[in-house]
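One-based numbering, in listed order, for ligands and for the atoms of each.
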Amino acid sequence: MTGPDAPASAKQPPVLRLRNIVKEYAGSPPLRILHGIDLTVEQGELVAVVGPSGSGKSSLLALLGTLDRPSSGRIALEGHDLGALSDRKIAALRAHRIGFVFQQFFLLPGLTSTENVATGLLYSGESARRRRNRAVRALRSVGLEHRMDHHPDQLSGGEKQRVAIARALVGSPGLLLADEPTGSLDSASGDDVIELLRRLNADGTTVLVITHDRERAASFPRCVGIQDGRIAFDENRPHAGQPGRRP
Ligand code: ADP
Ligand code: MG
């Protein structure tokens with residue numbers, strides 16, 4: 001921007017910008033799951049996406065995370081128009097800029113916590129020693145310094161999810177996407193995981209969490225409701241409750 005109204009420093013592009021996103025799955029007739037989604041997420045936001053089972057949340061997350069392409073509409077990630085990029089470029093962007101956390105953890109059973117976290121750096125081009133050191137630091141940051149050499153079957157559900165979060169953040173992504181991260185956890189461990197995500201957000205990571213738990217979603221500063229593949233509401237609650245404090 002130029003001219004008298006130009007800001008002193010250029011504004012960063014939104015982390016995500018979706019315009020009229022439609023997603024259909026093949027079939028006759030095709031099944032339309034997302035019906036023209038418009039959504040912008042700015043750097044540093046902490047967003048909950050809430051909706052009932054089957055409303056299209058995971059389909060939306062796959063698009064936000066560049067794991068899938070929309071049937072139509074435009075998505076920009078940190079200002080990059082994904083429709084204009086090759087699969088290879090998109091994969092590189094994903095590997096460096098996005099961390100994923102899923103309900104089912106997806107830890108590799110034969111690996112220790114440290115080794116699992118280090119897999120988050122496989123595409124970084126760094127040496128094995130440096131990957132290991134970064135994994136150890138990431139595990140410390142999620143409070144698991146005493147579980148470095150454990151295998152997943154020696155960990156509680158909450159600990160497994162913290163290992164998965166460490167793996168997601170070890171490469172310092174700008175955006176963390178979590179799909180029902182508390183869905184397999186008891187309520188206390190779930191509160192811990194949400195609190196951890198809040199802390200990562202306070203440290204600068206943009207975080208988007210999908211949940212079907214309306215109470216949890218209501219504690220987020222921004223809450224986007226999905227219903228039948230459409231945005232039903234998009235509310236900012238700057239004074240939302242503290243982490244883990246259920247209303
Ligand atoms: P949510 O995560 O909110 O539960 P999903 O995004 O998983 O919802 O699914 C939304 C709808 O899309 C559901 O009706 C589901 O059955 C359908 N769906 C999801 N994935 C596929 C697919 N690969 N092929 C066909 N239909 C799908
Ligand atoms: Mg889902």
Side-chain angles (χ1 to χ4, degrees), residues 15-41 45-77 82-83 87 90-91 94 98-107 157-158 160-165 167-168 173 175-187 189-194 196-198 200-201 206-220 222-235:
V15 176
L16 286 166
R17 191 167 185 278
L18 280 66
R19 285 297 169 262
N20 202 16
I21 290 301
V22 170
K23 179 64 191 178
E24 291 178 343
Y25 288 112
S28 51
L31 186 61
R32 186 169 288 206
I33 297 301
L34 298 174
H35 302 261
I37 301 274
D38 289 315
L39 182 67
T40 301
V41 177
E45 278 201 275
L46 173 60
V47 185
V49 174
V50 66
S53 181
S55 55
K57 303 183 299 297
S58 293
S59 302
L60 179 63
L61 182 120
L63 297 173
L64 301 179
T66 76
L67 300 168
D68 194 7
R69 287 183 185 262
S71 305
S72 64
R74 294 164 73 93
I75 302 179
L77 173 67
L82 297 180
D87 285 343
I90 288 179
R94 183 193 312 130
I98 309 179
F100 293 93
V101 176
F102 296 99
Q103 176 177 351
Q104 310 89 330
F105 320 129
F106 294 125
L107 300 178
K160 282 184 215 173
Q161 194 59 299
R162 276 146 70 196
V163 173
I165 291 170
R167 178 183 55 192
L175 173 64
L176 189 72
L177 296 174
D179 192 350
E180 307 265 11
T182 64
S184 305
L185 305 179
D186 61 67
S187 124
S189 315
D191 287 348
D192 289 346
V193 160
I194 295 296
L196 176 56
L197 294 176
R198 274 182 187 268
L200 299 174
N201 172 253
T206 306
V207 176
L208 187 145
V209 180
I210 283 183
T211 179
H212 64 264
D213 182 338
R214 287 182 145 265
E215 270 186 34
R216 261 193 216 295
S219 77
F220 279 64
R222 180 176 173 197
C223 184
V224 177
I226 304 279
Q227 183 85 46
D228 297 327
R230 292 185 170 84
I231 292 189
F233 60 86
D234 186 346
E235 295 171 358

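The main-chain N or O of V49 is never found under 3.5 Å from a side-chain atom of K57 such that the two would form a donor-acceptor pair. Distance alone, capped at 3.5 Å, places no donor-acceptor pair between the N201 side chain and the T206 backbone. At distances below 3.5 Å, not a single donor-acceptor pair connects side-chain atoms of T66 with backbone N or O atoms of R94.
How far CD1 of I21 is from OG of S71: 9.0 Å, rounded to the nearest 0.5 Å.
A 4.5 Å side-chain heavy-atom check between T40 and R19 finds at least one atom pair inside the cut-off. Under the 4.5 Å side-chain criterion, counting only non-hydrogen atoms from C-beta, L77 is in contact with L175.
Of the residues L196, L107, L185, the one that meets the side-chain contact (heavy atoms from CB on, under 4.5 Å) test with Q161 is L185.
Listed by chain and number, S58 OG are the protein N/O/S atoms closer than 2.8 Å to the Mg ion (ligand 2), with waters left out.
Sorted by chain then number, the residues whose non-hydrogen atoms approach ligand 1 to under 4.0 Å are Y25, L31, I33, P52, S53, G54, S55, G56, K57, S58, S59.
The heavy-atom pair separating D228 from H35 by the smallest distance is O-CD2, 3.3 Å.
Ring geometry for F106 versus F102: interplanar angle over 60°, hence perpendicular rather than tilted (30 to 60°).
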